Number of protein chains: 2
Amino acid sequence: MDHAPAPLRLSEQLCEKIEEQIVTGLLRPGARLDEQELAAAFGVSRTPIREALIQLASAGLVDMRPRRGAVVAEIEPHRLCEMFDVMAELEAMCARLAARRISEQEIVALRDAHQACESARDADNPDAYYWLNELFHRQIYMASHNGFLAEQAISLHRRLRPYRRLQLRVRNRMKVSYSEHQSIVDAIVAGDGERAAELIRGHIQVQGERFTDLVASVRQLSSPAA
Amino acid sequence: MDHAPAPLRLSEQLCEKIEEQIVTGLLRPGARLDEQELAAAFGVSRTPIREALIQLASAGLVDMRPRRGAVVAEIEPHRLCEMFDVMAELEAMCARLAARRISEQEIVALRDAHQACESARDADNPDAYYWLNELFHRQIYMASHNGFLAEQAISLHRRLRPYRRLQLRVRNRMKVSYSEHQSIVDAIVAGDGERAAELIRGHIQVQGERFTDLVASVRQLSSPAA
DNA sequence: TTGATCAAACGTGTATACACGTTAGGATTC
DNA sequence: GAATCCTAACGTGTATACACGTTTGATCAA
């Protein structure tokens, strides 16, 4: 599908690799990102590392303080809630548009993605569910037929990844999530945009609300010393 | 307000300068951004220029093609409409939240900003109106009391600047815009979030719709040769 | 012992140098 | 005369070198 023959630029590859380490939690929020250290670790010079860090800083995953080095961005609980509120609104917009514009093919794809989530739920496999859930939501983004909106949604979704991931461990979360998905699919297929928007807004916001509880532990993780 | 003592990094300053040249139209969409040329023009080396371009590329104002140089991003008409749709939704969200959360002080500030627009309208000064309009909208962003949302709105607003600017030249646009502002202020102060959201959504979307007409001329500007 | 001051090491920010892909121009061939 | 191939110049991508601010450790004074 992605027929780009080669990234061809080290900066891009490094950007993805470092982002991977951030979202998987290998690099914790607040961790220093020493340019020389990273350069040595990846076997390249500082130049492409710097360029990768600048990109990640623009994306909000890294915080660069002048002359004082870069660190993995620490998102305080309050801001995290704000971000989830915006995410909820973006997804609501996607759902509203999707209800009006989704094609027959896309309906099939959406139902397939939904079905796949069911399998992961039944297998009680949070990691699988995490990925399949992401694919499910992307189907809705695409069905909005607004490419820019879809990009924004994907971008913010990525940024929230490390925090979202914890959610699925909550008891019964997968089952509740799946049943919410069902209602959303029904509303979209029925062409009821307002209902679909309202449902998915709640679906996302509940995660933000629950974070009010979880953030404490996250904060503990990111600042062990103090 | 912004108590940052000094940007201290050339990359940042160059980023702003180049962005300025893009949004003011000095650098037209599609224009090549030769690193050596820019470096010579600003009297610096290629390194900070590259870093500035990477930031601008992340922001979407510049398009970097591997090994083939950077150009000012060309936004095709279709995508521009998509961006205005998202902008409308972001502003609607700001207005909805603002109606619930705005403080007495912020109401005063909002009315002041609105009043300032009136002066520019009466003076029939589109350039002044352009800036005051921006300040007016920012008051609403801030009143949403969602810092992340406000940042996103400001960011997208900046990106749409070069295209938005043309709008005010349209006959009677300033008068219509001002009267729409009035209704929006009333709805927010009255605490009617849904009405405020609906009004501002229309206020923004009408710009996107009108662009369907204007884009032809924009396209002509950006690609004189063919 | 604790506090402040200073100096050296460290790391970022910028400049320069080099390598490779891209592109444009000219020569050659059909 | 037009198209293609080759070649050389150009510009990007990466590496290296250097300058300056920041930080840290030690020394000295109270």
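Note that the coordinates shown come from a computational prediction; the quantities given were computed from them, not determined experimentally.
The number of heavy atoms from other shown groups lying within 6.0 Å of CE (A/M64) is above 12.
When rounded to the nearest whole Å, the span between CZ of B/R68 and C1' of C/dC20 equals 16 Å. Atoms CZ (A/R9) and C1' (D/dT14) sit 13 Å apart, rounded to a whole Å. Between A/M64 atom CE and C/dT12 atom C1' the separation is 9 Å, expressed in whole Å. In this structure, the CD atom of A/E35 is 15 Å from the P atom of D/dT14, given to the nearest Å. Atom CG in B/L10 sits about 16 Å away from atom P in D/dA19, given to the nearest Å. With rounding to whole Å, A/E12 atom CD is found 10 Å from D/dG13 atom P. Taking atom CZ of residue A/R67 and atom C1' of nucleotide D/dT23, one finds them 13 Å apart after rounding to whole Å. The interatomic distance linking B/L14 (CG) with C/dA15 (C1') rounds to 14 Å, in whole Å.
Heavy-atom distances to DNA chain D give each of B/T47 and B/R32 a nearest nucleotide, and the one nearer the 5′ end belongs to B/R32.
Taking OH of B/Y129 as the reference point, atom CZ of B/R173 lies at 7.5 Å (rounded to 0.5 Å).
Within the 4.5 Å cutoff, the side chain of B/L38 has no heavy atoms near those of the B/R46 side chain. Within the 4.5 Å cutoff, side-chain heavy atoms of A/E19 are placed close to those of A/L56.
With respect to the salt-bridge test (charged N to carboxylate O, under 4.0 angstrom), the residues A/E51 and A/R9 do not qualify.
Shortest non-hydrogen contact noted between B/R96 and B/R201 is NH2-NH2, 4.3 Å.
Distances shorter than 4.0 Å separate none of the side-chain N or O atoms of A/S11 from OP1 or OP2 on D/dG13.
Of the residues in residues 48-63 of chain B, B/P48 come within less than 4.0 Å of DNA chain C through at least one heavy atom, sorted by number.
Side chain to side chain, B/E106 and B/H145 meet the donor-acceptor criterion of an N or O pair below 3.5 Å.
For A/R46 against C/dG11, a side-chain-to-base donor-acceptor contact under 3.5 Å is absent.
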